[in-house]
Amino acid sequence: MRLGELLQFFVIGRDHNMYLEIFDTIQRALSAAAGIPNPILTDGGTHADFATAVAFERAKQLHRSPVQIAEEIAASLREDRSIQGIRIETKGPYINFHTGAGFLKSSVESALQPGYGTLPMKEGRVVLEHTSANPNGPLHVGHIRNTILGDTLSRLFRKAGHRVEVQYYVNDMGRQIAIVAWGFLHLDGARKDGEKGDHHVARVYIAGNRELEKDPGIVAEIDLLMQQVERGDPTTAVLFRNAVTECLEGFKVTLGRLSVRHDRFVWESDFVRNGDTERLLNRVRRMEECHEDGRLWLDLSKEGFEKEYILRRSDGTSVYAARDLAYHIWKGRNFDHMIDVLGADHKLIGAQLKATLKLMGEKAPEIVHFEFVSLPEGSMSTRAGKFVSADELIDEVSRRAYEEVTSRRDDLDEGAKQEIARSVAIAAIRYDIVKISPEKSTVFNWKEALDFERQSGPYIQYAHARACSILSKAGEFDPEFEFTMESEIALAKHIAKFPYVIRIAVRDLKPHLVATYARELADLFNVFYQFEPVLKSTGITRQSRLTLVKATKNTLAETLGTLGIDALVTM
RNA sequence: GGGCUUGUGGCUUAGCCAGGAUAGAGCGCCGGGCUUCUAACCCGGAUGUCGAGGGUUCGAAUCCCUCCAGGCCCGCCA
């Protein structure tokens with residue numbers, strides 16, 4: 001980054017990127033010319049760099065021909081000095097914008113810089129909560145949809161200039177944990193040799209549930225454990241904490257394998273122990289929506305919720321909802337913006353939480369919900385032991401990746417092959433999950449999970465490795481920006497778009513837009529690679545193509561980084 | 001029963017929120033391309049009543065209504 005840009009970056013603090021500059025400038029000019037507040041400016045596709053259909057909108061308001069109005073808007077745009085140098089043409093009712101060679105040059109130039117696509121620093125801090133699975137068994141293929149969505153979002157927010165803290169909310173005092181604790185007390189559940197903590201806990205949990213089914217009288221014993229832990233009984237507290245810690249240690253290993261890191265693990269029980277939950281309930285008591293009849297609950301019918309929102313049981317213990325409220329109040333006071341990634345099963349409770357926080361005058365989180373992942377034979381259940389664990393998935397995909405690497409690159413030494421296989425496996429898993437819109441429910445499929453072809457993470461890694469290979473063979477070169485072939489221009493244009501994709505993906509909380517972008521970029525590079533020889537070309541063509549390869553490599557690396565996938569140099 | 005959500009070629013899916021220029025991909029299928037920068041690649045072809053029906057509009061995959069099908073929720077669980 002040059003000094004001038006650097007100054008603009010910090011002093012003015014606005015998006016200094018070429019694409020975003022031009023996009024915003026055209027949009028402003030269009031708004032003025034068309035008399036529409038936020039005119040839709042789309043990608044021009046094959047027709048142009050940018051395009052708009054606002055003439056239709058105006059035509060409707062003015063009851064006149066859209067073609068004529070397009071002409072008028074275009075004429076007025078051509079007068080606008082802020083968009084000088086941009087060619088404006090109409091095609092019937094559509095207005096097309098052509099930016100010219102300077103645009104591509106400076107876009108590719110900025111793509112050569114490390115950190116390309118990073119947006120200017122934003123004020124405030126974001127707290128992002130994801131995964132937060134109950135510590136009663138290993139993470140499974142459903143949980144990691146949450147994990148990967150959340151982790152990609154956190155990377156996306158950082159890329160967009162936000163300061164982010166990622167939290168895992170540990171549900172350490174629920175009924176499930178009480179069942180695990182009961183199992184540790186009454187069942188022979190010693191940890192097996194080499195067994196991961198989370199898998200061990202699952203075994204105890206499943207066994208505990210089996211006992212519970214045989215003898216419903218155990219419920220009373222479990223209730224007692226829950227009351228004891230809420231009261232702060234030290235022996236029970238240690239029992240719970242040990243079980244949860246063991247499970248969590250296993251989670252951390254799995255998360256680490258997926259390149260996911262949480263900044264902080266926040267324990268639910270802390271909000272009981274430190275009095276926050278009690279204080280919260282006292283505040284709730286003063287609300288007009290509050291009812292107390294042994295239980296303590298809120299009537300949120302005015303907010304559109306039929307069901308009573310219960311916050312304390314008649315035996316005096318708090319429920320999850322109350323502790324979650326306390327947690328969010330704490331987050332709201334320490335951060336400027338809260339984001340939660342939660343399963344679709346939390347939609348109702350999430351909406352109730354938000355409504356209650358608003359009634360209390362506290363900040364409410366933005367919640368990203370994702371739909372369920374099921375198995376071909378039905379929904380997953382930790383309790384019934386019906387799930388494909390994340391560890392099992394990673395192991396299988398890694399094994400398959402190792403096979404693939406070995407068959408392609410037997411020249412590499414063992415360590416390198418394993419390293420690549422590991423990265424490829426994580427790429428395949430993360431990409432498979434993040435490429436699908438969160439609102440689609442899916443069925444887990446081994447065949448697809450083990451496929452590394454197009455529209456996969458490894459496909460994108462491969463494009464990056466090919467670019468690296470060219471660059472390492474090319475040696476030093478001076479950048480040039482003469483792009484004339486169709487595949488060169490298409491590639492350069494797509495590179496230019498990256499910061500815009502980051503902006504929109506963050507704005508709409510849609511990580512899958514980055515996945516789509518990465519795939520398109522790899523597609524365009526592969527076509528370019530196929531048709532335009534780089535190393536065998538000469539002169540300015542060679543320099544320009546090398547420049548384009550370097551910009552692509554860099555953009556792919558930044559994109560992969562945002563997706564939490566290793567940008568492999570060779571594979 | 002009520003609420004939320006999804007339905008796009010054989011399969012998986014983008015586009016839907018902010019309606020517009022021939023609905024875009026991948027897998028699979030058919031046919032091509034490695035003495036040339038890594039073929040985890042590329043090119044060409046076939047395959048679509050955008051769940052069904054109505055409505056709004058100059059224009060609907062996209063907005064509205066009804067219906068059908070799948071998923072999720074409706075607990076003093078989390």
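In this text the structure is predicted, and so the values were computed from the model without any measurement. All values below were derived from every heavy atom in this structure, side-chain atoms included, with hydrogens, water molecules and symmetry-related copies excluded.
With respect to A:Glu404 and A:Arg409, no salt bridge is recorded, no charged nitrogen being found less than 4.0 Å from a carboxylate O. Ion pairing of A:Glu419 with A:Lys417 is absent here, as no side-chain N (NZ or NE/NH1/NH2) approaches a carboxylate O to less than 4.0 Å. Under the 4.0 Å criterion applied to side-chain N and carboxylate O atoms, A:Arg273 and A:Glu278 are not assigned as salt-bridge partners. Under 4.0 Å is where a charged nitrogen must lie from a carboxylate oxygen, and between A:Arg241 and A:Asp172 no such pair does.
At whole-Å resolution of the value, CZ in A:Phe370 and C1' in B:C4 are 16 Å apart. For A:Asn445 and B:U13, the CG to C1' distance is 13 Å, given to the nearest whole Å. In this structure, A:Asn38 places its CG atom 15 Å from P of B:C17, rounding to the nearest Å. The distance from atom CD of A:Glu453 to atom C1' of B:A39 is 11 Å, rounded to the nearest whole Å. Rounded to an integer number of Å, the gap from A:Arg519 CZ to B:C41 C1' is 15 Å. Going from atom CG of A:Leu342 over to atom C1' of B:U5 covers 16 Å, rounded to whole Å. At whole-Å resolution of the value, CD in A:Glu439 and C1' in B:C16 are 10 Å apart. One can place CD of A:Gln530 at 17 Å from P of B:G32, the figure rounded to the nearest angstrom.
With both ends at atom P, the span from B:G3 to B:C64 equals 16 Å, rounded to whole Å. As rounded to the nearest Å, B:U62 and B:G19 have C1' atoms that lie 6 Å from one another. Rounded to whole Å, the separation between the P atoms of B:C11 and B:U49 comes to 12 Å. Going from the P atom of B:A61 to that of B:G51 covers 10 Å, rounded to whole Å. Atom name C1', nucleotides B:U12 and B:C50: the rounded distance is 16 Å, in whole Å. A distance of about 16 Å separates the P atoms of B:U8 and B:C63, rounded to the whole Å. Here the separation of B:C27 from B:G53, taken at their P atoms, is 32 Å to the nearest Å. Comparing B:A60 with B:G55, their C1' atoms are spaced 11 Å from each other, to the whole Å.
Within 4.0 Å of A:Val527, counting heavy atoms only, lie sugar-phosphate atoms of the nucleic acid but no base atom. Among the atoms of the strands shown, base atoms are found under 4.0 Å from some heavy atom of A:Val405. Using a 4.0 Å heavy-atom cutoff across all strands shown, A:Glu532 reaches at least one base atom of the nucleic acid. The residue A:Phe452 sits close to a base: some heavy atom pair falls under 4.0 Å. Residue contacts for A:Ser437: at a heavy-atom cut-off of 4.0 Å it reaches the sugar-phosphate backbone alone, with no base atom in range. Contacts of A:Asn96 with the nucleic acid, taken as non-hydrogen atoms under 4.0 Å apart, include base atoms. Looking at heavy-atom distances under 4.0 Å, A:Val569 makes contact with a base.
Residue A:Lys60 places a side-chain atom within donor-acceptor reach of the base of B:G59, judged by atom type and a 3.5 Å distance cut-off alone.
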Requested in this report: Could you give me the CA-CA distance, side-chain angles and deciding distance for A:Arg400 and A:Glu396, then say whether salt bridge (charged side-chain N to carboxylate O under 4.0 Å, His left out) is met?
Outcome: CA-CA 6 Å; A:Arg400 166 84 185 80; A:Glu396 269 305 299; over 6 Å; no

Query raised in the report: Are A:His328 and A:Asp340 close enough, and set up right, to give a side-chain hydrogen bond (donor to acceptor under 3.5 Å, both in side chains), and what steps lead you there?
Result: CA-CA 10 Å; A:His328 278 87; A:Asp340 297 348; 2.6 Å; yes

Report task. Could you go through the salt bridge (charged side-chain N to carboxylate O under 4.0 Å, His left out) check for A:Glu292 and A:Arg312 one step at a time? Result -> CA-CA 9 Å; A:Glu292 247 180 312; A:Arg312 203 184 57 196; 3.5 Å; yes

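Under the Watson-Crick or G-U wobble criterion, with both distances below 3.5 Å, B:G1 is paired with B:C74. Of the nucleotides present, B:C68 is the one that pairs with B:G7 by Watson-Crick or G-U wobble criteria, both distances under 3.5 Å. A 3.5 Å limit on both hydrogen-bonding distances identifies no Watson-Crick or G-U partner for B:G59. Base-pair partner of B:G48: not found among the strands shown (Watson-Crick or G-U wobble, both distances under 3.5 Å).
Here the closest heavy-atom approach between residue A:Ala505 and residue A:Leu156 is recorded as CB-CD2, 3.7 Å. Between A:Ala34 and A:Ile73, the closest heavy-atom pair is CB-CD1, 3.7 Å.
The phosphate of B:C11 has neither OP1 nor OP2 within less than 4.0 Å of any side-chain N or O from A:Lys447.
Closest approach to the A:Lys440 side chain among B:A14, B:C27, B:C58 is made by B:A14 (side chain taken as heavy atoms from C-beta onward). The side chain of A:Arg466 lies closest to B:A39 when the candidates are B:A39, B:A25, B:A21. The side chain of A:Thr442 has B:U13 as its nearest neighbour among B:C42, B:C17, B:U13. Of the candidates B:A21, B:C42, B:U13, the closest approach to any side-chain atom of A:Ala51 belongs to B:A21.
Residues A:His494 and A:Tyr517 bring their aromatic ring centres within 6.0 Å.
Atom CZ of A:Arg503 sits about 14.0 Å away from atom CG of A:Leu513, to the nearest 0.5 Å.
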Report task. Using a 4.0 Å cut-off on protein heavy atoms (strictly under), produce a 5'-to-3' string for nucleotides 70-78 of chain B with B for base contact, S for backbone-only sugar-phosphate contact, and - for none. Result -> -BSSSSBSB

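Geometrically, A:Arg466 engages A:Tyr529 in a cation-pi contact, judged by NZ or CZ lying under 6.0 Å from the ring centre and within 45° of the ring axis.
The nearest heavy atom of RNA chain B to A:Tyr459 and to A:Thr42 marks one nucleotide each, and the one closer to the 5' end goes with A:Thr42.
A heavy-atom distance below 4.0 Å to RNA chain B is reached by these residues of residues 468-477 of chain A, ordered by number: A:Ser469, A:Ile470, A:Lys473.
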